[in-house]
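Below is one structure, written out as structure tokens; the observations come after it.
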There are 2 protein chains.
Amino acid sequence: MRASPSDLTGRARLREAALRLFAERGFAATSARAVAAEAGLSPALVMHHFGSKEGLRAAVDEEVLARLGTALRDVPADGDLMGSLGEVSARIFGADPVLRGYLRRVLQEDSPASAALFGRLLSGARTELERLLAAGGGHPDADLRWAPFQMLCLILGPLLLEPVMQPNLDQPMFDPQVLAGRSAANQRLLRRGLLGADPPGPVEPPVGG
Amino acid sequence: MRASPSDLTGRARLREAALRLFAERGFAATSARAVAAEAGLSPALVMHHFGSKEGLRAAVDEEVLARLGTALRDVPADGDLMGSLGEVSARIFGADPVLRGYLRRVLQEDSPASAALFGRLLSGARTELERLLAAGGGHPDADLRWAPFQMLCLILGPLLLEPVMQPNLDQPMFDPQVLAGRSAANQRLLRRGLLGADPPGPVEPPVGG
DNA sequence: TCCGGGGCTGAACATCCGTTCAGTACGTTG
DNA sequence: CAACGTACTGAACGGATGTTCAGCCCCGGA
């Protein structure tokens, strides 16, 4: 539960409004005046609190990364290996459309910060794959160099392509059930494609991902 | 071979300059003045030829879709099923960084035109998959609803993520050999993951990857 | 009570934007 | 030759943008 807008500080209200508008329209297409109007405040207050529009962006980035970090930290590390990954993506992507939109915007920039964020996701995928291979015995000629990238493409692809993908679907892409089904399909594809093994346990977990 | 810039009409030079700058910086971040300067012409000429900046965008879109269409039309339809898809993506994405950048920009918009373009790619993936399943006998519990999307995510993911992916790699992502290796890995993943069958031919090309 | 400082504002600044317009140069047509 | 349409330009317009600044209100401390 989040505090109502009027309960927040001016600074926080500006940051929340910026997060919303940046996620919706992108950074360049969002004016400082629009952010201030969305927050019900004066444009000059943006400069007062953040120094510049770029400073506002930095503050929003920091906030988003913090939320992302807590969401990633709360995932149980002892889950059914790759299942945890689906749970993470479901928790992050499914829950908050604003966060989703902002992450989409960030991932399609070419700033060093964006590359670093992707690097973190990449290393996460790598360790997840190593655990998977150690437990299941990797397929001999599976190309392990590209496997983490394939994993990330399967997870991040729908996030990045949401605006063009959704009009070609009849259900909301990030509805929990739809997301669960897609995530399960991804797990099956990776399990069979990289390990050559069918999933051992029940065919698919209810939420699983 | 393409004609040198000075040989082209003013209209064509403006369109080419716009394609270059739109691909590099995005539409919103590119001013009509910048396009005119890149083409060595007057900003007013943009309005004279295209009516508005949006008209210029439409002309560029049309041109890009035409080039894309010819590239897709030239692919042999009798190839080794999914191999043709890798060839197509290699031909389109590997060859022209500008076209690549522009396609990336288009795919992350949410205009109806972008959704329609994705729809075309989706139907292409669907027919490709149907051919694949008819030839190889699909795996019983493969989620055929998501399979085409997975296919597209694997192909378009690196295109969309290039700016954040490249800094985490030591080779140019769209170097022909690297791209061939990645494409082969995608084919193996899809073959094994969706069909449960190992590839019949040679295990993998030397560079693989 | 006075005072200082931070949150906050309205008005203004220079700059860039997309677009308009009058007008020039030029090849073609009559 | 004159008339014309087309490619093209320089200068300007109104408006939006990021940013600055002097000054307001109001609360806590002296």
Side-chain angles (χ1 to χ4, degrees), chain A residues 2-64 102 105-106 109-111 113, chain B residues 2-64 102 105-106 109-111 113:
Chain A
R2 214 165 289 168
S4 92
S6 53
D7 289 345
L8 295 174
T9 331
R11 183 184 160 91
R13 285 170 64 192
L14 284 173
R15 206 191 26 193
E16 288 300 308
L19 169 58
R20 232 173 300 141
L21 294 186
F22 289 170
E24 189 176 319
R25 318 176 189 173
F27 176 75
T30 303
S31 67
R33 281 175 171 80
V35 172
E38 173 89 357
L41 296 170
S42 158
L45 199 60
V46 174
M47 305 302 141
H48 177 63
H49 278 305
F50 304 98
S52 69
K53 191 189 172 188
E54 203 67 36
L56 173 60
R57 175 205 217 131
V60 175
D61 276 359
E62 200 172 355
E63 169 74 14
V64 166
Y102 194 80
R105 298 284 178 184
V106 166
E109 285 174 6
D110 53 355
S111 70
Chain B
R2 213 167 288 164
S4 92
S6 53
D7 289 346
L8 296 173
T9 330
R11 184 183 159 90
R13 284 170 64 189
L14 284 173
R15 206 191 34 208
E16 289 300 308
L19 169 57
R20 233 172 301 142
L21 294 186
F22 288 170
E24 189 176 320
R25 318 175 188 173
F27 176 75
T30 302
S31 67
R33 281 174 170 82
V35 173
E38 173 91 357
L41 295 170
S42 158
L45 199 60
V46 174
M47 305 302 141
H48 176 62
H49 278 304
F50 304 98
S52 68
K53 191 189 171 188
E54 203 66 37
L56 172 61
R57 175 204 217 129
V60 175
D61 276 357
E62 200 172 354
E63 169 74 14
V64 166
Y102 193 81
R105 298 284 178 187
V106 166
E109 284 175 8
D110 53 355
S111 71

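Residue numbering restarts at 1 for every chain, and letters A, B, ... go by the order of the sequence lines. Reckoned from all heavy atoms, side chains included, excluding hydrogens, waters and symmetry mates.
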Sugar-phosphate means primed atoms, P, OP1 and OP2; the rest is base. With that split, encode nucleotides 14-28 of chain C 5' to 3' as B, S or - using protein heavy atoms under 4.0 Å.
---BBBBB-------
Whole angstrom is fine here: how far is it from NE2 in A:H49 over to C1' in C:dT9?
12 Å
Mind checking what makes salt bridge (charged side-chain N to carboxylate O under 4.0 Å, His left out) contact with B:E24, not counting sequence neighbours?
none
Find the distance between CZ (B:R105) and CG (B:L19) and round it off to the nearest 0.5 Å.
12.5 Å
CG-CZ distance between A:L8 and A:R15, expressed to the nearest 0.5 angstrom
8.0 Å
Please confirm whether the backbone N or O of A:A44 pairs with a side-chain atom of A:S42, one donor and one acceptor, at under 3.5 Å?
yes
All ring-ring contact (aromatic ring centres under 6.0 Å, His included) counterparts of B:F22, not counting sequence neighbours
B:F27
Students should find this one: the first and last nucleotides of DNA chain D, 5' to 3', lying under 4.0 Å from a heavy atom of chain A. What are they?
D:dT17 to D:dC21
For residues 37-49 of chain A, the salt bridge (Lys or Arg N to Asp or Glu O under 4.0 Å) pairs (sequence neighbours left out) are A:R20-A:E38
Partners passing side-chain contact (heavy atoms from CB on, under 4.5 Å) against B:S31 (at least two apart in sequence or in another chain)
B:R33, B:A34
Carboxylate-amine/guanidinium contact A:E54 A:R57, below 4.0 Å:
yes
